[in-house]
Amino acid sequence: MKNVIVKTQDLKKYYKTGNQTVKALDGVDFKVAEREFVSIIGKSGSGKSTLLRCINKLETLTKGNILLDGKNIDDSLEFHKKIGMVFQSFNLFENLTVLDNITLAPIKTKTLSEIDAVKRAKELLKMINLESKINEYPRSLSGGEKQRVAIVRSLIMSPEIMLFDEPTSALDPEMIGEVLSLMK
């Protein structure tokens, strides 16, 4: 039997908008086991992104628990090292090169030395045929290239868990397979 990595219990996330309360998440329970791939499918506005942002502690829960390896998650650096997230809008820093976007977090968190971070970034960029873009800025990249750089930026941290928020929504059909392959 596989080890449960992530478990949510009665997750609730409510937003106040004027006199109205919007229930983005209302009692979400699920488990994700080791090496399991899970897709969350639903209509626009159904809370998919909110759920991912709550798991990654980018949103505060109204109620409920999120367990990682059986322990309640917190805001510690150790927790954040375990989870990687690729955002729907990529969230690359426009003023940084591809290399700097990828190496910023491992260098700042001292997960990797600058030399090791650059070496690993080059290896990952070569795997996805983007080594020639290493000194480019995000504005000069296509949507698919930005998406792959965003994935590499998360992968360089060697997270135990990867969260993807609509990773192929902005891609051309021919790029979808390449991005899905990289995600796997």
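In this text the structure is predicted, and so the values were computed from the model without any measurement.
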Going only through I, L, V, M, F, W and Y residues with side-chain contacts under 4.5 Å, is there a path from [X] to [Y]?
X    : Y   : answer
I83  : I5  : yes
M162 : L67 : no
L163 : F37 : no
L68  : V38 : yes

Nearest 0.5 angstrom please: [X] [atom1] to [Y] [atom2], how far?
X    : Y    : atom1 : atom2 : value
F164 : I151 : CZ    : CD1   : 5.0 Å
S132 : L130 : OG    : CG    : 6.5 Å
I55  : L11  : CD1   : CG    : 7.0 Å
N3   : D69  : CG    : CG    : 6.5 Å

(message) E59: which residues meet the salt bridge (charged side-chain N to carboxylate O under 4.0 Å, His left out) condition with it, sequence neighbours left out?
(response) K13, R53
Indicate yes or no: at least one non-hydrogen side-chain atom of [X] is less than 4.5 angstrom from one of [Y].
X    : Y    : value
Y137 : E94  : no
I134 : T97  : no
M157 : T109 : yes
N65  : T8   : no
L92  : V149 : yes
L61  : K12  : no
I161 : P159 : no
I66  : N72  : no

(request) Return each pair, listed once, that meets salt bridge (Lys or Arg N to Asp or Glu O under 4.0 Å) where at least one residue sits in residues 111-137; pairs must be two or more places apart or across chains. (result)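 Every salt bridge (Lys or Arg N to Asp or Glu O under 4.0 Å) pair that includes a residue of residues 111-137, provided the two are not neighbours, is R120-E123, K133-E145.
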Under 3.5 Å donor-acceptor pairs involving side-chain atoms of residues 18-35, not counting sequence neighbours:
unit_1: T21; atom_1: OG1; unit_2: K16; atom_2: NZ; d: 3.1
unit_1: D26; atom_1: OD1; unit_2: Y14; atom_2: OH; d: 2.7
unit_1: D29; atom_1: OD1; unit_2: D10; atom_2: N; d: 2.5

(request) Can you run down the side-chain hydrogen bond (donor to acceptor under 3.5 Å, both in side chains) pairs that involve residues 151-165, sequence neighbours left out, and say none if there aren't any? (result)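 Sorted pair list: S49-D165.
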(request) Apply side chain to side chain contact (heavy atoms under 4.5 Å, CB included) to N135 and V98, showing your working. (result) CA-CA 6 Å; N135 294 313; V98 166; over 6 Å; no
(request) Kindly determine whether M85 and L58 satisfy side chain to side chain contact (heavy atoms under 4.5 Å, CB included), including the steps that lead there. (result) CA-CA 11 Å; M85 184 161 177; L58 298 173; 4.2 Å; yes
(message) Determine whether a donor-acceptor pair (N or O, by modelled atom type, separation under 3.5 Å) exists between the side chain of N91 and the backbone of F87.
(response)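 Answer holds: no.
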(request) Kindly say whether S140 contributes a backbone atom to a donor-acceptor pair with the side chain of K146 at under 3.5 angstrom? (result) no
(request) Each residue besides F93 in its hydrophobic cluster should be listed here, by chain and number; the cluster joins Ile, Leu, Val, Met, Phe, Trp and Tyr at side-chain heavy-atom distances under 4.5 Å. (result)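 F93 clusters with L96, L104.
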(message) I need the minimum non-hydrogen distance between K48 and I40, along with the two atoms involved.
(response) CD-O, 3.5 Å
(request) Of all the heavy-atom pairs spanning N101 and P138, show the shortest one and how long it is. (result)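 Nearest pair, atom of N101 first, then P138: ND2-CG, 3.8 Å.
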(request) For A117, check side chain to side chain contact (heavy atoms under 4.5 Å, CB included) against everything at least two apart and list the hits. (result)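 Here the qualifying residues are T103, P106, I107, L112.
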